[in-house]
Amino acid sequence: MAKNIQAIRGMHDVLPEQTARWQFVEQQIREVLGAYGYQEIRLPIVERTELFKRSIGEVTDIVEKEMYSFDDRNGDSLTLRPEGTAGCLRACIEHGLLHNQVHRLWYYGQMFRYERPQKGRYRQFIQLGVETYGMADADIDAELILLSYRLWQRLGISETVELQLNSLGTIAERAVYREQLVEYFTANSEQLDADSQRRLLSNPLRILDTKNPDMQSLVEAAPKLMDFLGAESTAHFKRLTDTLDTLGIAYTLNKRLVRGLDYYSKTVFEWVTTELGAQGTICAGGRYDGLIEQLGGKPNHAVGFAMGMERILALLENREDLDNIQRVDAYMILVGEAAQNAGIVLAEKLRDKLSGLRIQMHCGAASFKSQFKKADKSGAHYALILAEDEVENDTISIKFLRRDEEQRTVSYAELIELLKV
């Protein structure tokens with residue numbers, strides 16, 4: 001007997017009973033982004049490998065260990081996108097969207113990384129990315145944080161997440177800081193674990209983000225990036241925090257919050273939660289003014305964020321009210337051949353008259369008892385019963401499945417009025 005083919009490890013299915021929650025979250029995302037004037041951009045899943053080597057960096061875990069790369073028939077090296085920022089910028093540069101223009105864009109879709117699968121971390125995962133271009137001031141940094149906070153409110157999780165902020169300064173300021181950091185950690189190299197020893201040569205700022213408990217005191221005593229910021233970077237960060245204070249958005253200053261890539265500058269932020277264990281970051285963002293030039297474009301300003309949808313959905317697992325949002329409004333029970341013929345016509349008329357009505361018609365022969373069980377299981381509010389008597393009299397019987405009310409027989413016009421409620 002042939003063995004059943006199963007999904008690839010770390011790449012999971014979203015089953016029908018789960019999709020209602022996904023659709024609810026996706027609808028909130030579209031509405032919130034629309035309220036701020038953001039436009040959707042749709043990008044390829046496959047890009048040239050060189051794009052990610054230039055943007056993420058060749059000496060990173062993502063490029064060295066986690067990318068799904070392959071050679072196509074022409075010998076070109078292609079990669080399933082591990083993140084969306086590089087592809088979005090590539091599209092904007094390629095199509096001339098950045099020349100003397102301001103853009104607020106968002107994209108949504110699958111990303112791929114070869115990692116050890118665990119809750120909240122998959123090899124194929126869904127990510128929302130929001131990117132803005134052409135705006136230098138801190139007001140756009142604030143807008144992105146306000147936008148994400150509004151989304152948490154819409155989803156009902158604003159009380160379970162915390163905003164963490166930091167400033168990385170300019171690239172020049174960070175270069176000076178990096179020298180001091182390398183000098184400090186080199187002098188204490190015997191206390192570094194193997195991962196930090198490797199990062200000391202490639203990404204020393206990432207040592208600050210270590211989760212190793214044995215290194216916490218060493219990291220706490222390390223030089224602080226804030227001490228190396230110039231007047232412009234300090235003013236930019238103050239403008240951001242003043243805006244958040246004015247609007248009552250709580251935040252925590254996290255001096256260890258960094259990005260290991262050189263193109264990041266000034267603002268970095270994360271929304272974190274304690275409810276998902278090790279995978280506590282649900283949204284991460286920051287300013288990356290240096291990346292546009294790094295990918296071949298003219299110097300420009302950019303700031304954005306990305307959020308992992310699986311982690312957000314995990315925060316909604318206990319929302320029982322979301323289980324019913326995709327259920328049908330009415331289930332049509334058909335008894336007899338005449339009813340089967342008339343039922344499909346009536347169902348179409350109801351859909352024409354009542355935009356948004358979710359009506360499911362029974363298909364195939366089955367007893368009344370069997371059809372009624374399926375009507376109840378569907379979660380519908382009403383069972384619409386059509387038998388020979390109803391067909392002859394142009395009426396239909398309606399049974400209320402979710403409230404205590406007597407079954408009644410009504411005309412088609414009365415039925416439409418009932419279903420409007």
Side-chain angles (χ1 to χ4, degrees), residues 1-8 11-28 30 109-110 124 126 309-310 313 316-421:
M1 182 188 231
K3 185 178 180 180
N4 289 341
I5 298 174
Q6 297 185 332
I8 298 169
M11 300 184 180
H12 60 289
D13 302 301
V14 178
L15 301 179
E17 60 267 24
Q18 300 166 323
T19 57
R21 291 171 176 266
W22 282 84
Q23 291 173 349
F24 167 75
V25 173
E26 290 161 356
Q27 180 63 27
Q28 304 311 308
R30 289 187 177 90
Q110 292 88 350
Q124 175 180 307
I126 306 292
M309 301 309 299
E310 284 84 358
L313 267 293
L316 298 178
E317 282 183 352
N318 297 325
R319 286 280 303 274
E320 294 181 1
D321 57 310
L322 300 182
D323 292 334
N324 299 325
I325 59 177
Q326 202 180 37
R327 291 182 176 175
V328 295
D329 299 309
Y331 190 99
M332 187 174 288
I333 295 173
L334 307 174
V335 183
E337 186 176 341
Q340 289 177 339
N341 293 333
I344 192 168
V345 175
L346 177 58
E348 288 303 299
K349 286 181 178 179
L350 291 174
R351 294 185 183 107
D352 288 339
K353 293 284 187 181
L354 300 171
S355 177
L357 177 71
R358 295 168 295 182
I359 181 169
Q360 193 172 92
M361 187 185 71
H362 182 82
C363 292
S367 67
F368 175 81
K369 183 178 180 181
S370 172
Q371 291 188 57
F372 188 79
K373 284 183 178 179
K374 290 181 179 178
D376 190 46
K377 188 177 180 180
S378 74
H381 295 285
Y382 312 104
L384 307 180
I385 304 165
L386 198 61
E388 288 187 7
D389 287 348
E390 284 84 1
V391 172
E392 289 178 5
N393 297 311
D394 288 334
T395 59
I396 191 165
S397 295
I398 180 169
K399 182 171 180 60
F400 300 87
L401 300 176
R402 306 290 171 234
R403 65 177 190 252
D404 187 17
E405 195 167 334
E406 289 292 323
Q407 178 176 322
R408 68 180 83 159
T409 300
V410 298
S411 68
Y412 295 159
E414 290 173 311
L415 175 64
I416 288 171
E417 290 303 312
L418 276 170
L419 294 179
K420 281 181 180 178
V421 179

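With 3.5 Å as the limit, one finds a donor-acceptor pair spanning the side chains of Ser397 and Glu390.
Other residues, nucleotides and ligands contribute over 12 non-hydrogen atoms within 6.0 Å of the CD atom of Gln18. Environment of CG in Leu15: crowded, with over 12 heavy atoms of neighbouring residues, nucleotides or ligands closer than 6.0 Å.
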For Arg30 and Glu26, what are the C-alpha separation, side-chain angles and deciding distance, and is it a side-chain contact (heavy atoms from CB on, under 4.5 Å)? CA-CA 6 Å; Arg30 289 187 177 90; Glu26 290 161 356; 3.5 Å; yes
Applying side-chain contact (heavy atoms from CB on, under 4.5 Å) to His12 and Glu310, what does each step give before you reach the verdict? CA-CA 11 Å; His12 60 289; Glu310 284 84 358; 3.6 Å; yes
When you look at Trp22 and Leu316, which way does the side-chain contact (heavy atoms from CB on, under 4.5 Å) test go after all the steps? CA-CA 10 Å; Trp22 282 84; Leu316 298 178; over 6 Å; no
Please determine whether side-chain contact (heavy atoms from CB on, under 4.5 Å) holds for the pair Lys349 and Tyr412, giving the CA-CA distance in whole Å, both sets of side-chain angles, and the decisive distance to 0.1 Å. CA-CA 10 Å; Lys349 286 181 178 179; Tyr412 295 159; 5.9 Å; no
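Nearest heavy-atom pair, His362 versus Ala366, reported as atom, atom and distance to 0.1 Å: NE2-CB, 3.5 Å. Nearest heavy atom pair, residue Ile416 against residue Lys353, reads CD1-CG, 3.9 Å. Scanning both residues, Val335 and Ala339, for their nearest heavy atoms gives O-CB, 3.3 Å. Across all their heavy atoms, Met361 and Leu334 have their closest contact at CG-CD1, 3.6 Å. Considering every non-hydrogen atom in both Ile359 and Met332, the closest pair reads CD1-CE, 3.9 Å. Across all non-hydrogen atoms, the minimal contact from Phe368 to Ile385 is CE1-CG2, 3.9 Å.
Remark: side-chain polar atoms of Arg402 are paired, donor with acceptor, to backbone N or O of Ala380 under 3.5 angstrom.
The CG atom of Asp13 lies 9.5 Å from the CD atom of Gln124; values are rounded to the nearest 0.5 Å. Between His381 atom NE2 and Leu401 atom CG the span is 9.5 Å, to the nearest 0.5 Å. Note that CZ of Phe24 is 10.5 Å distant from CG of Leu313, once rounded to the nearest 0.5 Å. Expressed to the nearest 0.5 Å, how far NZ of Lys374 lies from CG of Asp376 amounts to 13.5 Å. Atom CD of Gln360 and atom CZ of Arg327 lie 12.0 Å apart (nearest 0.5 Å). Between Asp389 atom CG and Thr395 atom OG1 the span is 8.0 Å, to the nearest 0.5 Å.
In this structure the side chain of Gln407 never reaches within 4.5 angstrom of the side chain of Ile398, judged on heavy atoms.
When the side-chain hydrogen bond (donor to acceptor under 3.5 Å, both in side chains) test is applied to Ser378, no partner is found at least two apart in sequence or on another chain.
Listed by first and then second residue, the salt bridge (charged side-chain N to carboxylate O under 4.0 Å, His left out) pairs that reach into residues 328-338 are Asp329-Arg358, sequence neighbours excluded.
A side-chain contact (heavy atoms from CB on, under 4.5 Å) with Ile396 holds for exactly one of Leu350, Ile333, Leu384; it is Leu384.
Checked against the 6.0 Å centroid threshold, Tyr382 and Tyr331 do not count as a close aromatic pair.
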